[in-house]
J.: 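Okay, handing you the structure first.
Just so we're on the same page: letters track the sequence lines, and every chain starts at 1.
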Amino acid sequence: MAKLVAKKMLQLVLVVFLVTLFTFMLVRVKPGEPEDLLVPLSSVGTTQEAKDIIEKKKDGIRADLDLDKPLYQQYVLWMSDFARGDLGNFYAVSSERPVSDRVKDSLPVSLQLMIYAQLMALVIAIPMGVYSAYRANRPVDKVANTTAFGMLAMPNFALGLVLAYYVGVVLGWVPPTGYTSPEVDLVRHLKTMFLPALSLAVGQIAVYMRLLRSDMIQTLQEDFILMAKSKGISNARVLWRHALRPSSLTLLTVAGLNVGALIGGAVVIEVVFALPGMGALIAESILTNQYVALQSCVAIIAIGYVLINFLLDFVYSILDPRIRNVRAAG
Amino acid sequence: MSNRRVSSRLLASLVLVLAMVAAACGGGGTDTTDEGEEAGKPVRGGSVTYALEAETTGGWCLPEAQLAISGILVARTIYDTLTAPNAKGEYVPYLAKSIEHNDKFTEWTITIRDGVKFHDGTPLTAEVVKNNLDAYRGKYKGRAPLLFLFVFQDIADVQLSGDKAVKVTTKKPWVGFPAFLFASGRLGIVAQSQLDDQKTCDRKLVGTGPFKQVSWKVNQQFVAEKNPDYWQKAPDGKPYPYLDRITFQPVPEPEQRVNALQSGQIEALHASGANEFVPLREQQDAGTVKLYESEKFAEVSYVMVNASKPPLDDVRVRKALAHAIDREEYKQIINQGLFTMASGPFAPGSIGYLKDTNYPKHDPDEAEKLVKEYEDEKGPIRLSYRSTPSPATTAVAQFLQQKLKAVGIEFNLATVEQSQLINTAISGDFQLIGWRNHPGGDPDEQYVWWYKGSPANFGRFADDEMQRLLDAGRSETDPDARRKIYEDINKRFATQIWNLWANWTRWVVATQPNVYGINVETAPKLPDGSGPFPGLATGHPLHGIWVKK
Amino acid sequence: MSALPAETDVSLAPAGPGTSDQAAAEASPRKRRAFGIGALLAMGWLGLITVLAVLAPVLPLDDPLESVGAIARKGPGSAPGHILGGDSIGRDMLSRTIHGARASLLVGVTAVLIGLLIGGAAGLLAGYFRGRFDTVLTGTFDILLAFPSLVLALALVAFLKAEPEAGTKGLSTVTIVIIALGIVSIPILARITRANTLTWAQREFVLAARAQGAKNSRIIIREVLPNVMPAMFSIALLGMAVAIIAEGGLSLLGVGVELPKPSWGNMIAEGRGSLRNAPHIVFVPAIAIFLTVLALNYMGDVIRTRFDVRESAL
Amino acid sequence: MKSGETLGLVGESGCGKSTTGKAIMQLPPPTSGRVIFEGTDLASLHGTDLRRLRSNVQMIFQDPISSLNPRRRVEDIVAEGLRIWGIGDKSVQLAKVDEALGTVGLDPDTAKGRRPHQFSGGQRQRISIARAVITDPKLIICDEPVSALDVSIQAQILNLLEDMKARYQLTLIFIAHDLAVVKNISDRVAVMYLGKLCEVAPPDQLYAQPAHPYTGALLDAIPVPDPTVRPHEQPTLSGDLPSPVNPPSGCRFRTRCPRAEERCAEEEPLMREIDSGQYVACHFPLIGDTAAPTESVGALQTQAAPTV
C-alpha cells in the first residue's frame, strides 16, 4: 500500500512538473518579447518623459519575470513563486494587479458552477437512468434515450444563449445573466446560477443517464436481483436499494473525473452568462496577452485536474482492485 | 469662474475608446423623459445596481488610468472634479469654489472649497489639489501618467497660492482650460493617501465623492456606499446622495444588459447600440422601463485611419474609402435607420459643427477610379481592419469589407479585445480601426487627438495646417473667430479624410420606472445653481439618484 | 453537450463492460446489414449536408458575403426568395448556412484527421508494442489531457495567431482552428486507439500471424488495424461533432473562423446580439449544428454497437 | 521429440501447457530453459531468422473465435503465410489455398470469400488447420484445439489432425487438459504440473500403469461411461492449485499428494526412467516400490524444453 502511494505520488509530481513546464513553454515560445506583449506601447514615446515612463514600466516587468535570466531559471523562479501563492500580476499601463486577487474571486464561481452542474446532472440523470433501465426497450426507455441523444447534440453555448433569453427574459423565471455571490444573497445566488449550471449539465445528464442505464440493465440481470424480487420486495425498493448501488460505481467514477474537466470546461458558458469564473479569466488572459496570468491559471486548473484524477484513481484502486486493472489497461 | 464665455466644451480625455459599438443619435430624436412632474419628493435610502458596458480592468489610479465611459461613471461616484459642465455646456466650478484667469488666459487660479473631506477623513487642501495636478501632468514622484502628460504639456507650472488656492501657469493662452479640469469626468481629485500608494493605487480608491468604495471584484461588481459627509447638500438641507448603496456590474454583452433590466435583475444600464434602442423603446412605450436618451454633446463613431503607413498615407486611397461606403445603407443596415450620420467630428450644437462639410459622397465609380490610379502607380491595396469581437462591431466591419471589396480593395478583419484595442491604437500597429471619440464640449479638447506628433494622435496624421488651426483655436479669445477656426478644421477633415465618419453616438440610460434623478429634469443642480448637463457621452452624476419605494 | 472531447469519450461510453465479442461474432449476417430508420436518417442528413457543402459554390445561391439591405434581420419566410431570411446585415441565411457547413465540416473532418493520423498511429504503436514507448506516450497524452480541452485549444489558437500585418498573410484562421482542435484531439484518439489495440493485440490470431513469421508492421496493418478501425472511426465521428461544437465555442470567444466567411459557429456568435428581434440568426445555424452533431453521435453509436467497440477504459 | 511423433501434453488448467507451447514459438521467449529446434537454439535467433524459423512451427489455438481475424476473409487468412514469405505468385497461392481448404474438408469456393463469423466452431478450427498447414511446417503445436468444441465435432477434428499429420508428415505437440483426448492421438504423453513435467510415457503404458500420483489422480478423474463402475471412493484431488508464481518447495505436487512425505518438501524429485519408455519425477511413484535415487538420472530437461 505504501508502495502504491509512493508510486502515485511520484507520478503526480512528474505530471505536475510536466504540465507546468508545458504551460510555461507554450507562453514563452510565442514570438515577441514578453514585456512588449504585456505593455504594447513601444512607439508612443515622442517625448523623453513618455519614453522614460514606458521603459521604466518594462524594466519593472523584466525584473518581475526574471526575463534576463536563462529560461530554466525563469521556470524555477516562477514555480517557486507559484508554490508560495504568488501567481504574478496582470500588467496594464495603469496597474499591476496580483493574479491571486483575481483567482481568489474567480475560483469559487467556477467551483460553484461546476458543483451545481454536477449535482443537477446527477439528480436528473439517476432517476432517468434507473427508470429507463427498469423499462429497458419499452417506449419510456426509447424516449429517454432519444432525449439523451438530443441533449448530447446541443452545443452548450447556443443552449445557454437561448435559455438566457427565453427562460430568463421572456418567462422571467430566473435571472438571465450576471453573478451574485452566496454571501450577499443566497437565494439570488442560486437563481443566477441556475441557467448556467443547467446549460452545462444538459450534456452531462445524457452521459450519466446512458451510463447508469447500461450498468443497471446488467445488474438487473443478476441473480441477487431475481432473489430479491422472488422475496416479494417491491420493484421500487429493488431498483433503489438493491440495484442502484452496485450499478453506480462507473457513474461515480466518470462524474468524479468530470469534476476536473468542468472547472475549465465552462469557459464559454461563463462568457455567455457573464460569470466571472476561472474560464472567463483564462479567456481574458489569453485574449489580452496577459500571459503570466494565463500561465498561473492554466497551471492551477491542470494541477487541480491531475490531483482529482490522482485522488480518484487512488480511492478506487483501494475500493475495487478490478478498476485498478481496468484503468491500468486504459 | 469669473470669466468665461468660453463655454468650453472641451475635453479630451484621453483614451477613450470603445469601439464603435454602433452608436447613437436618432435623427434628432427628442431627449425623452416623461418623469419629472410626477416624480414627487426624493426618497432617501435604497440601492441601485447599474450595469456597465465594460469593466475597467486597469483600475482607477486616476492620473494613470485609461477610462472609457464605464470607468468614468465609477470615477464620478467616488471622486469629484474641479469643474463640471452645466446645462449650456459651460464649465463651472464644482469641487473648486472658484476658478479665475488673467486677461491673457495664461494664469488660472483655482480656489479650494472649505470643509470638504476625503473618504479617509483627511481634508481637501490646496496642497492635495496641487499634488493631483502635478500627478496628472507627470511631475509628481511615483506617478507615471502616460497620456495626461500630453494633455497638460502646455502647463508651465502649478503653485500654491496661499493655503486655499492653486495657481496654474500655462505656456500659452489657454482659453478652454476649465474644460480640462473636468476632462470628461476623468480628472477626479484623489486623496493624498491614494496618490502616494504605490501598490494598490488602482484599486483602493479614496476621493471626496458622494460614495465610498466598499469592494471591487474584477468583472463581478464594484460596490460603493453612501458618503455621509458629502459636501454637496440636497434641497432638503441634508447631504447628497440619496442612495445608501450603488453597485456597478460589468455586463459587456449589450443584449444581456437589456435582459437584466427587463428581468428586474438591475435598476439601471447604459447603452448606445441600435439593437438596444429598439427593444428599450418598446419597453418604454409599455411603461416597463424609463429611458433617458441624449445626443447632446455627442461623440462620433468612425473608422480611424492610420495615415502614417502606405497605402493610407495617400489621400487618394483614403478618399476612395470614403467614396466606397454607402452611408445611407450603413444607417439602414447597421443602425436600423436610427441614428444621424455624422458629417465631421463636431456634433450638432458644438462649436465648429457644419451641416455639410463636403465630405465625399457615396460614389463607387469614383472610388474604383482612385483605387485603380493608385494601384497602377504603387501596387495593390491590402488593408486590415481591427475591431472588438462583439456582434455589433463585427457587423460594421463586415459591412465595410463588402463595400470596399466592391471597389476592388481587399480588406481583412481582425478582432481585438476591448482592453487591447486602446493599446493597439496607441502603438500604431493598425491600418483601420473602429473607434468612438470626441465627445462634445470645447473643441480645444480635441487638441491632443489631432496635434502633429501627439502620442494621442492615434491616426498619426501630421498636418501643418491642422497644427496651425489647433494652436490658433486654443488661444483665440474671440468667439466668432474661434468658431471659424474649428469649422475650418471640420472642413479639413472632409478633404483629407483622416477619419471615415459614421454616426453621432446616441446614449441611453435605461432604468426601472421607479428610479429618478438621472435625467436633466430631476438631476441635481450644480453648486453654482446652474442646470445639469444634458449630455451622456461622459456619463452623468450619480448623487441625485433616488428610488421610489 | 460538453465542449470537451475528453468528457465526450467518456460520455459516449460503453454500454457496459460485459459486451462480449462472442455476441458480435455470432450476430447473424442479416442483422449486421440492417440499419435502423434512425441510422438512415442520420446518414441522409450527413450526406445531404456534405453534398450541399461541397457543391455550395455551384449551387444557385445568393452570395453569402453580399448584403441585401431589405432583408436585414428578416425572419424565415418574410422575404421572397430568401427562405431562411437574412442575417443582421442582410446576407441570405440559407446561403450562409450552406457555405457555413463548408467551414464547419472542414474544421470537424480535418481536425479529426490530424488526431487520427497522429493520435491513432501513436495509440496503435503504444498499444501494440507497449513497454517504455507506451509509458512515454501515455504520459505525454496524460499531460495534454490535464488541460481542459477548450482552454488548450484557445491557448493554441492564441499562440498560433500571428499579428495580422497589412499585406502579409499568416495562417488562415480556419487553418489555425483546425490545427488547434487537431492537436487537442490527438491524445483523446490516441488513448482510445491504444485501449482497443491492447485488447486486439492479445488475440490469438495475432499470435498466429507472428507464428507464421509476419513482421510487426504487417501484423499492425493487416491484423490489428482493421479491428481497431471501427473504434477509431466511431470516436472520430464523435470527435468531429465535438470539433464542430468547439469551433462554435471559439467563435463565441472571438477566435473562431474569421468573418465574413461563415461557419456555423461564427454565425451563432454573430447572431447572439439579435436573439430578441431576429432569433433565426442564432437558431438556423444552431439547428444545423444540432442535427449534424446528433447524426454524427448517432452514427458513432451505431458503429459502436455493430462492431462492438470497446471504449477506452477511463 | 522425434520427428513425426505426436506428443500429448496434459495437465490441469493453468499449469503452463499453453505457455510451453508459446515458449517453443518464442512468443514470448521463455525466461529460462532452451528450445532446440533442429539443432538450433531458438533463443539465439532474432529478426528475420526467427520469423523464418517460426514458419516451420505452427500453432492451432484453443479458441476458434479469437484465433481468426474477424475482419479478414478466409482466403486471406489461409493465404497469409504464403504471402508473408512470398511463396508462389497469386495463382499458385490461390491454388494452395483451395487445396488446403479442400483437405480440411471445406468447400473452397464457398468458404474463401466469407469471414470467420460465418462459420461454426468446428469449421473455424478447420480453417485454423488449413492456415497452419499451408506453409508446410514441420511442427504444429495444437493448443487444446478441440476443448472449445462439441464432443461430436471433437472427434472429427481429431481425425482431421491425424490425417493432416500423415499427409504432411507433421510432428505434433498436442496440448490438452484431458487425458482422454490425447490417448488416441499421441505417440507419447507428457503430464505437466505447475510448469514442470512429472511423467512422460507412451499412452497405453501411462493409462495402464501411471507412475506419478498426479497422473493417477488425473486418470481417476476421467468419467467412465459404464454405470456399473462405481465412482472412486476417495476424492481424487483436493485443494486448489498452488500459485505457479510461488510454487511449493521440493516436489510441487506435495501439497496435494496423498503419498507426500518429508523428503518431498526438501528435495525436488528428478526425472528418471521407471519402466521402459516411462519416465517419472517422483520420490514415491505408484509403480515399483523403489524410492527415487538421490542422484540425478537426468533425462528430460524439466523446464519446458522438448527437443526434436
J.: Counting only heavy atoms closer than 4.5 Å, note whether A:Val170 contacts chain B via side chain, backbone, both or neither.
T.: neither
J.: Quick check for you: among A:Gly172, A:Pro98, A:Pro176, A:Ala274, which has the greatest number of heavy-atom pairs under 4.5 Å with chain B?
T.: A:Pro176
J.: Is the B:Phe458 to B:Trp449 ring centre distance short of 6.0 Å?
T.: yes
J.: Sort A:Tyr91 into side chain, backbone, both or neither according to what part of it lies under 4.5 angstrom from a heavy atom of chain B.
T.: neither
J.: For B:Arg203 and B:Lys199, work out which heavy atoms get closest and say how close.
T.: NH1-O, 3.6 Å
J.: A:Arg102 versus chain B, heavy atoms under 4.5 Å apart: side chain, backbone, both or neither?
T.: side chain
J.: Taking side chain as everything from C-beta outward and backbone as N, CA, C, O, which of these in B:Thr415 sits under 4.5 Å from a heavy atom of chain A? Side chain, backbone, both or neither.
T.: neither
J.: Non-hydrogen atoms of chain B under 4.5 Å away: do they reach the side chain of A:Asp52, the backbone, both or neither?
T.: neither
J.: Check whether B:Glu255 gets within reach of chain A through its side chain, its backbone, both or neither, counting any heavy atom under 4.5 Å.
T.: neither
J.: Would you please name every residue forming a ring pair (Phe, Tyr, Trp, His ring centres under 6.0 Å) with A:Phe90, sequence neighbours left out?
T.: none
J.: Side chains of B:Thr394 and B:Leu413: does their closest heavy-atom pair fall under 4.5 Å?
T.: no
J.: Quick one: ring pair (Phe, Tyr, Trp, His ring centres under 6.0 Å) partners of B:Tyr136, sequence neighbours excluded?
T.: B:Phe148
J.: Examine A:Trp173 together with A:Tyr166 and report whether their ring centres are nearer than 6.0 Å.
T.: no
J.: Suppose we call two aromatic rings close when their centres sit under 6.0 Å apart. Are A:His189 and A:Phe194 close by that rule?
T.: no
J.: Highest number of heavy-atom pairs under 4.5 Å with chain B: which of A:Leu275, A:Val109, A:Val272, A:Val271?
T.: A:Val272
J.: At a heavy-atom separation under 4.5 Å, does B:Gln265 approach chain A through its side chain, its backbone, both, or neither?
T.: both
J.: Among A:Pro276, A:Pro196, A:Ser106, A:Ser110, whose side chain to side chain contact (heavy atoms under 4.5 Å, CB included) with A:Glu270 holds?
T.: A:Ser110
J.: In terms of heavy-atom pairs under 4.5 Å, which option from B:Glu64, B:Gln153, B:Gln220 contacts chain A the most?
T.: B:Gln220
J.: Heavy-atom distances under 4.5 Å only: say whether B:Gln249 touches chain A with side chain, backbone, both or neither.
T.: side chain
